[in-house]
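The sequence lines fix the lettering, A, B, ..., with proteins before strands; numbering per chain opens at 1. Because the structure is predicted, anything quoted here is derived from the model rather than measured.
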Amino acid sequence: MLTSHHDAGSNYLNAKKGFMSWLFTVDHKRIGIMYFVSIGVFFLVAGLFALLLRAELMQVRIPDATATSYMISADHYNEAFTFHGAIMVFLVIIPSIPATLGNFLLPLMIGAKDVAFPKLNLISYHLYIVGALFLVYTVAFGGLDTGWTFYTPYSTQTSTSVIAAVFGAFILGFASILTGVNFIVTVHKMRAPGMTWVRMPLFVWAIYATSVIQVLATPVVGVTLILVAIERLLGIGIFDSTLGGDPILFQNFFWFYSHPAVYIMILPAFGLVSEMITAHSRKSIFGYKAVAISSIGIAVIGFFVWGHHMFTSGQSALASVFFSLLTYGVAVPTAIKVFSWVATLYKGSISFTTPMCYTFVFLFLFLIGGLTGIFLGALSTDVHLHNTYFVVAHFHYVMMGGTIIAWIGAVFHWWPKMTGKKYSETWGIISSVVVFIGFNLTFFPQFVMGTRGMPRRYYDYLPEYYNFHLLSSIGSFVLAIGLFIVLFTWLHSIFYGEKETRSNPWRAKSIDWTDTAVVPIEHNFEKQPISSHGPYEFDELVKPAKAGEH
Amino acid sequence: MSATAMPESTSWQGSFWLPQNASPLTGGQDALFYFIYYLSVFFFIVVVGFMVYFAWKYRKKKEGEKTPDIHGNTKLEIIWSVIPGILFIVIFIWGFRDWVSLNQPPQDAMEVRVTGRKWDWSFLDVKTGAETSDLFVPVNKAVLLTMSSADVIHGFYVPDFRINRDVLPTMYTKLWFKAEKEGNYPILCTQYCGTKHSQMVRYVRVVSEEEYQKQMIAAQGAGLTPAQLGKKIFEGKGACASCHSVTKERTRLVGPPLYGAYGTDHKILIPPSNKEETIKFDDNYIRKSILEPNYRGVPGYALIMPSYQGQLNDKELSALAEYIKSLKE
Ligand code: HEM
Ligand SMILES: [Cu+2]
């Protein structure tokens, strides 16, 4: 509350003016906002591609389908799902939370006036944009039809523009690595006096664990993609077995990155959920240490489970056994987190705000996503489910139902801090309900068609799957309406919203709320904040008789 | 082999979650599937149940409500780490056991070579050498597939058998199954392979032993004129060529030469008295000689030709006749 009387006239949003003052800013908050806008645009584009896919799949599939029974051609369908997947993964989910809220909040939460290397931070953003443009270029010219996984030898043989896409993904990898390095150093070196490791908000822990994975895993995918390009350009056999390469080698390289990458996608969401669930139920987190350490545990074990994407690939049957066992090693800490969040609600004082509603949606959807992972981690059941819609549903439940939902909820949560405006709680809650219904209608039927044997990446299918596709497509339109309500709620708040006057409307306890102005000033804090308590010690807490645990 | 695969309209045979399991021994996955399923439903209800109950019971009733400062509960945390841990180990071991049987084809399995290519499958029955575009197998017979791809990676998936494995270029992968029910089971490609990935639909056609034989024979003859087919059987499956010459020289081998024999008047000896008779060398004589070779003798040759009764069907017999007929100037 130190700065709540600060002159509301000057904050990070209006301290400098003009487009260039944004494009070349080194302020972590502005960079976070720019990421948010850019990623939001890509999310919209990739989302429209998804609707196109769903519309295609809504047509009656019959044995006597003719060329005109299809809305778009097979090749266009293949390009569409590739763009959808590649843009969602590389341009949206991987950077989503770390680049937007991570950038915005990390220094605020640990009481620093910026990240450790502000200029590097700006370079990361510019690299992100350059890499993104390369990917988008492939949309406009030549297309890309390999799926976001770029499996060889298909990707070294197809005539579509793999090189441009690969180069784009490579540059994006650099953006990701540099952000990771920046955050790691920031957490180690820039914490406010008194901010011990166990006083850090759980979101900081999560971002820290994520950054470590980004730095360690991303170079591998970078090298792999370059090898694909070399093979295509020079005809040197690396992965293509007709040239003397090994076709499964690519998959090992790819998943060595891309499995840890799924934790890059989900760990930050775990952090956000811990923040939201405590603030809106006014309780300290149940099992702080277990939640914090399980993030690190997941990050470490997550490096040794990549082979669970390859049980049916022809990799050694024995290797598969180890990968399956280790996969369950990651599942335990994940289960611990879910139980801890629910236990946090116990004896709380729960407000049904928009962020809290999204948190409930997250718990519901992520639980389904996690439980269905158990089917995939078991060696024998995975055989029947691998590369079917069951997998598609599973990863949408975790990535969209988990990451994107937590992200949206958290943007509502920090909305007053980011914009200085109030949003409509009514429309916020309505959006969460519509998104919840639409999401389940879209993806639940995909579990059923998956277990019934509907493979993924099909633009045409046997008639017995029609009803499930129809439900799924209808759901996708409901989901889209829900997401547009979110967008309109935000836009409405920006243009017509009431001004926020309280610097800490949720009465949260972390430094990002307690020591900043309504909207933070350019250098975050008027004077160096000092951390004297943990992030979840709410005023109304009834202290236990024998205190002194922390 | 037709150029495009034609999906068939089938009525759903299976439970809500799983298709019928026509090869239950292969991996035996269904029991584990349902074990995980019921566990998941249970944990889902417990977790969501507590969530909803807490959310309602502890909803904010007034501003500034007091809440207790609970930081955790070691006992509870140990319980909810250990219980999932144990369950996961059970699931892992169970999955592992099924995995072993999935990877261990029985010794007596009949072998089929599978080739995946953009965008069709082809099957080579190892014993008969017949090549088909749907996979014909006899019911209740273990089948071992040795698979490879002519181009990119494909995935060989039969939902009704719970088998699925990638098909790689320049490397072999294996799968096995034992279908216990006759019927047609779709084969789907599960590894994205380009334009017609979704249309690589072929069928495993599980049929009776006789039907299987018939199909193999039909397949052996596919695309050949009867005379060409006859030649193929004569030299291949029938192994007739090891005893009969077919050249103009009318070389003497174990059995009489056949060149130029068709249509001639032919001398034979009828056992047991070995009375000589003259007979027309025609289709009927050829047929009878293949099926009951020892009803007569040919002067100068021993009665040692084996009977082909039950090994050759009508079509093949006619083909052989056509071939022998063609052996002339
Ligand atoms: C208890 C937790 C989880 C378990 C046991 C689990 C297990 C698995 C397994 C075994 C697969 C491979 C399935 C196959 O391809 O046949 C898979 C796929 C996938 N999982 Fe998970 N998973 C879990 C949580 C997550 C989380 C948290 C995320 C991301 C936020 C995630 C994202 C994905 C993605 C993207 C794929 C599909 C990749 C692809 O094939 O394109 N999973 N999961
Ligand atoms: Cu294929």
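- Taking the six-membered ring where the residue is Trp, A:Y346 and B:F54 present tilted rings, their angle falling between 30° and 60°.
- Using a 4.5 Å cut-off between heavy atoms, B:I163 contacts chain A through its backbone alone, with no side-chain atom that close.
- Ring geometry, B:F44 versus A:F364: the interplanar angle exceeds 60°, so the pair is classed perpendicular (tilted spans 30 to 60°).
- One distance of note links OG of B:S198 with CG of A:N78; it measures 7.5 Å at 0.5 Å rounding.
- Of the atoms belonging to A:Y536, not a single heavy atom falls under 4.5 Å from chain B.
- Interface residue A:F360: backbone and side-chain heavy atoms are both found under 4.5 Å from chain B.
- At least one donor-acceptor pair under 3.5 Å links the side chain of B:T67 to the backbone N or O of A:R282.
- Ring planes of B:H197 and A:Y458: perpendicular class, angle over 60° (limits at 30 and 60°).
- The most heavy-atom pairs under 4.5 Å with chain B, out of A:G329, A:A74, A:G287, come from A:G287.
- The shortest distance between side-chain heavy atoms of B:W56 and A:I350 does not fall below 4.5 Å.
- For a residue to count as touching a neighbouring chain, one of its non-hydrogen atoms must lie under 4.5 Å from one of that chain's; by this rule A:F390 does not touch chain B.
- Shown here is B:K75, whose NZ atom has no more than 12 heavy atoms of other residues, nucleotides or ligands within 6.0 Å.
- Under the 4.0 Å criterion applied to side-chain N and carboxylate O atoms, A:R507 and B:E63 are assigned as salt-bridge partners.
- When heavy atoms are compared at a cutoff of 4.5 Å, A:L325 approaches chain B by way of both its backbone and its side chain.
- Contacts between B:T173 and chain A at a heavy-atom distance below 4.5 Å involve the side chain alone, from C-beta outward.
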Audit row: B:F16, A:R452, side-chain contact (heavy atoms from CB on, under 4.5 Å) steps and yes/no: CA-CA 8 Å; B:F16 180 74; A:R452 288 178 171 214; 4.0 Å; yes

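- When the candidates A:A290, A:S324, A:S349 are compared by the number of heavy-atom contacts under 4.5 Å with chain B, A:S349 comes out ahead.
- Contacts of B:Y53 with chain A are absent, with no heavy-atom separation under 4.5 Å from either backbone or side chain.
- In this structure, the portions of B:N73 lying under 4.5 Å from any heavy atom of chain A include both its backbone and its side chain.
- The shortest side-chain heavy-atom distance between A:T327 and B:F92 does not fall under the 4.5 Å cut-off.
- Note: A:S320 leads A:A335, A:S320, A:G147 in heavy-atom pairs under 4.5 Å with chain B.
- A:S380 and B:D98 form a side-chain donor-acceptor contact under 3.5 Å, judged by distance and modelled atom types alone.
- In terms of non-hydrogen atom pairs under 4.5 Å with chain B, the most contact-rich of A:T388, A:V383, A:D75, A:I336 is A:V383.
- The contact between A:F286 and chain B is made by backbone and side chain atoms together, counting heavy-atom distances below 4.5 Å.
- A heavy-atom distance below 4.5 Å is not found between the side chains of A:F352 and B:K60.
- Looking at A:Y459, its side chain never comes within 3.5 Å of a backbone N or O of B:K196 through a donor-acceptor pair.
- Interatomic distance, OG1 of B:T74 versus NZ of A:K289, reported as 10.0 Å (0.5 Å rounding).
- You'll find the side chain of A:K283 reaches within 4.5 Å of the side chain of B:I70, heavy atoms only.
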